[in-house]
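As C-alpha cells, the structure follows; a few thoughts come after it.
In what follows, chains are A, B, ... by sequence order, proteins preceding strands, each numbered from 1. These numbers were taken from a predicted model, which means no experiment stands behind them.
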2 protein chains.
Amino acid sequence: MARLAGVSRATVSYVLNNTSAVRISEPTRRRVHEAAQELGYVPHAAARSLRAGHSRIVLMPAPAIPVGPLYSRFLGELQAALGRLDYTVVQYGSVGLRGDEAARAWAELRPVAVLVPGGDIGPRGVAVLQRAGARAVVTLGPERVDGAHALLTDHSAVGHSAGAHLYARGRRRIGVVVPEEPGLEVFSEPRLAGVRRALHGTDATATVLPLAYTEQAAAELAAGWRGLSLDAVFAYNDEYAMLLMRALQDEGVRVPEDVAVVGADDLMLGRLLRPRLSTVRIELPSGRDLAELVDRAVRDPGAEPEVREVLGASLVHRASS
Amino acid sequence: MARLAGVSRATVSYVLNNTSAVRISEPTRRRVHEAAQELGYVPHAAARSLRAGHSRIVLMPAPAIPVGPLYSRFLGELQAALGRLDYTVVQYGSVGLRGDEAARAWAELRPVAVLVPGGDIGPRGVAVLQRAGARAVVTLGPERVDGAHALLTDHSAVGHSAGAHLYARGRRRIGVVVPEEPGLEVFSEPRLAGVRRALHGTDATATVLPLAYTEQAAAELAAGWRGLSLDAVFAYNDEYAMLLMRALQDEGVRVPEDVAVVGADDLMLGRLLRPRLSTVRIELPSGRDLAELVDRAVRDPGAEPEVREVLGASLVHRASS
DNA sequence: TTGAAAGCGTTACCAC
DNA sequence: GTGGTAACGCTTTCAA
C-alpha cells in the first residue's frame with residue numbers, strides 16, 4: 001500500500017473513509033488523495049471484510065436458464081435499489097453445484113445477504129449461510145424454507161386465472177401445455193395444478209400436453225389435435241402459445257373458433273399474433289420493495305422471518321379466447 | 001475456527017486442502033473433518049485471497065439490458081467452462097457506475113480476470129484493474145482497448161450479410177430499422193454501417209428508420225410506409241422484424257412482394273411468422289474457447305494481448321425476402 | 001492531529 | 001508428522 005505518501009496507514013484509512021470521529025488536517029487530506037490518485041490505489045475488499053467481519057455483498061445465484069424480460073427488469077430494479085442502499089449485488093455462477101454444496105460455495109464469500117430461488121436451497125443450506133455470517137437469507141419460490149425470509153410466488157394463481165377464464169368463456173375440455181425442457185417444472189407444475197383447481201368440481205377437464213420447444217414437436221401435437229377433441233388450451237406461456245398456435249393454424253384448426261388459446265407473461269409478441277393472444281399478466285414485486293426488505297432484515301437479523309405473497313396474476317383478454 | 005478440534009490451524013488447512021506436501025495421520029484427518037462438519041465450517045474466501053494475493057474470481061458486469069437466449073446460452077457455457085477450470089464467475093451488479101468508477105469498484109474484489117463489454121471500460125480502467133492484480137482483462141466489443149485482450153464483435157458483418165442478401169435479391173431501396181431504446185446503439189450503429197458498406201458503390205440506398213419497440217410506433221411507421229417507397233427492410237433483429245412486419249401486414253403491405261424483410265438472431269419466433277422470416281444467424285464464440293483464453297492469459301500475464309475476431313454472421317434465407 | 005499496534009482467517013515456512 | 005509463527009491489507013483502539 002501507498003503509505004509512502006508520507007503518512008501512516010491509519011491516516012489513509014481515515015481520509016478515504018471520511019471517518020468523522022477524527023479530524024485530519026486539510027493539507028494531509030490532500031496529500032493522501034493525491035497519492036491515492038497517482039498510485040491508482042483501490043481498497044482491498046477482502047481485507048476490509050476480513051477485518052470488519054462482514055461484507056456488503058448481496059449474493060444471488062446466476063440464473064441457469066434464459067430469463068425473460070419480466071425477470072430481467074426485476075433484477076435490474078433490485079440491483080439499482082440495493083446499490084442505492086450501498087450494497088453490492090453479485091450473481092454467483094454456480095454451474096454444477098446443487099443444494100448444500102452450492103450453499104457452502106456461496107458462504108465462502110461471506111455475503112451479508114443471500115437472495116435465492118426456493119428450490120435451490122434447503123434448511124441446512126440456510127443454516128450454513130447464517131453460520132457464515134449472512135444476516136438475511138431470502139428465498140423466492142413456491143414454499144418457505146425454515147429460517148429464511150420468503151417471497152412466495154404461487155404460480156398456481158397463473159394457471160387458475162387461465163383456467164377460470166376459459167371455463168367462463170364456455171370451454172370445457174381444456175389442454176394444458178407442459179414444457180419438456182428441464183428446469184421449468186418449478187413453474188409448469190404449479191400452473192397445471194392451478195388450472196386443475198379452477199376446474200375442480202365442474203364438468204370441465206384438464207388434459208396434460210407435454211411439448212418440447214421445437215417446431216416439430218408442435219407440428220406433431222397439432223397433427224393429432226382433432227383426436228384430442230379439446231376446445232381450449234393454456235399454453236404455459238406466450239412463447240409456447242405462439243409455437244402451438246402457429247402449428248394449429250397450419251393444421252387448419254381455427255383460433256378461437258375451434259380452440260381458445262391463452263398464454264402467460266404478457267409479452268409483446270402476444271399482441272403481434274393474429275388473433276391477438278389472451279394472456280395472464282404476471283406481476284413481480286418491485287425491486288425497491290425487495291431491497292427494503294433485505295435492508296430491514298440485515299439491520300435486524302434477530303427478527304422473525306418475513307413471509308410474503310408476491311406474485312400477482314391477472315388475465316388479459318384478447319381475441320384468442 | 002475449528003482449532004478447537006484439538007489440532008493447530010495449520011493442520012486444519014493441510015487436511016482441508018489435501019496438501020500433498022505433508023502427511024497427516026488418518027485419525028487426525030478424521031477428527032478435523034468431523035469438527036468441520038459439526039461446526040458447519042466454511043473457508044473464508046476473503047482471508048484466503050488476502051493471504052494468496054489473488055482470488056479465483058472472474059468478474060463480469062451484470063448486463064443492464066435484458067439479454068436474449070443467444071447470449072444467455074453463451075454465458076451459461078462460459079460459466080460452466082470456467083467452473084471446470086476452478087474459477088468462480090461473478091456478475092457484478094454495477095448499476096449506476098460508469099467508466100473508471102466502475103473499474104475501481106470491480107478492482108476492490110481483486111478479481112484474477114475481468115471480462116467486460118468493450119464500451120464499459122477504457123484504457124485507464126484496464127490499468128486500474130491490472131494494478132489491482134487482475135491478470136487478464138478481456139473486452140468483448142467492437143474495438144480493442146489498450147492493454148486488454150480483445151474479442152472483437154464486428155456487428156457490421158450482420159448488417160453486411162443482410163444488405164448483400166437484399167441487394168442480391170434485386171432490392172434497391174432498403175430501409176434499416178434503428179431501435180430508439182437506449183443502450184442498443186452499440187449494436188445498431190455497426191449493423192447500419194454494415195448495410196451501408198454492402199450497398200456502397202451500387203445504385204441501392206439505405207434509409208434509416210428509427211423505431212421504438214411499441215405497437216404504436218410500428219403502426220405509425222407503417223402508416224407512412226408507401227410514402228417511403230422502400231422495397232426492403234433490415235429490421236435490426238427478429239423481434240423488431242416481427243413488430244414491423246405485423247404493422248406492415250395490418251396496413252396491407254405485402255411481404256415479400258411489396259417489401260422484403262430480414263431480421264437477425266435466428267430466434268424461434270422468426271420461423272413461426274408467416275411468411276417465415278429471413279434472418280442473420282449470429283455465432284458467438286464457444287464458452288469453452290473463451291474460458292481457455294482466459295485461463296491462458298491468467299497463467300501467462302506477460303503475454304501480448306490476444307486480439308480475435310469472434311462474431312460469425314450468416315444469412316438464413318426464408319420466405320420473407 | 002497523528003502514529004503504533006492488534007487482529008480478522010488463511011496458508012507457507014520452519015522448528016519441533 | 002505435527003505445530004507455532006508470520007504475513008497478506010485493512011480498520012480501530014489506544015497512546016503520544
* **L50(B) CG to dA7(D) C1', straight-line distance once rounded to whole Å** => 9 Å
* To do: Can you tell me the distance, in whole Å, between the NE2 atom of H54(A) and the P atom of dT11(D)?
  => 11 Å
* Asked: Could you give the distance from CG (D295(B)) to CZ (R288(B)), rounded to the nearest 0.5 Å?
  -> 13.5 Å
* Taking the side chain as every heavy atom from C-beta outward, state whether V138(B) and V114(B) have any atom pair closer than 4.5 Å. => no
* d(CZ, R110(B); P, dT10(C)) in whole Å -> 20 Å
* To do: Measure the angle between the two terminal helix axes of the helix from dT1(C)-dA16(D) to dC16(C)-dG1(D), five base pairs each, and quote it to 10°.
  => 50°
* To do: Would you check if L152(A) and L311(A) make a side-chain contact, meaning some heavy-atom pair closer than 4.5 Å?
  => no
* Asked: Backbone N or O of L85(B) within a donor-acceptor pair of the R56(B) side chain at under 3.5 Å?
  -> yes
* Structure fact -> Between CZ of R56(B) and P of dT10(C) the distance, given in whole Å, is 19 Å
* All salt bridge (Lys or Arg N to Asp or Glu O under 4.0 Å) counterparts of E77(B), not counting sequence neighbours -> R73(B)
* Nearest-Å distance, CD (E108(A)) to C1' (dT10(C))? -> 12 Å
* Give a yes or no answer on whether the side chain of S55(A) reaches the backbone of R110(A) with a donor-acceptor pair at less than 3.5 Å. => yes
* Asked: Considering only dG9(D), dT11(D), dG9(C), which nucleotide approaches the side chain of H44(B) most closely?
  -> dG9(C)
* Asked: Within the structure, does a side-chain N or O atom of R51(A) lie under 4.0 Å from either OP1 or OP2 of dG9(D)?
  -> no
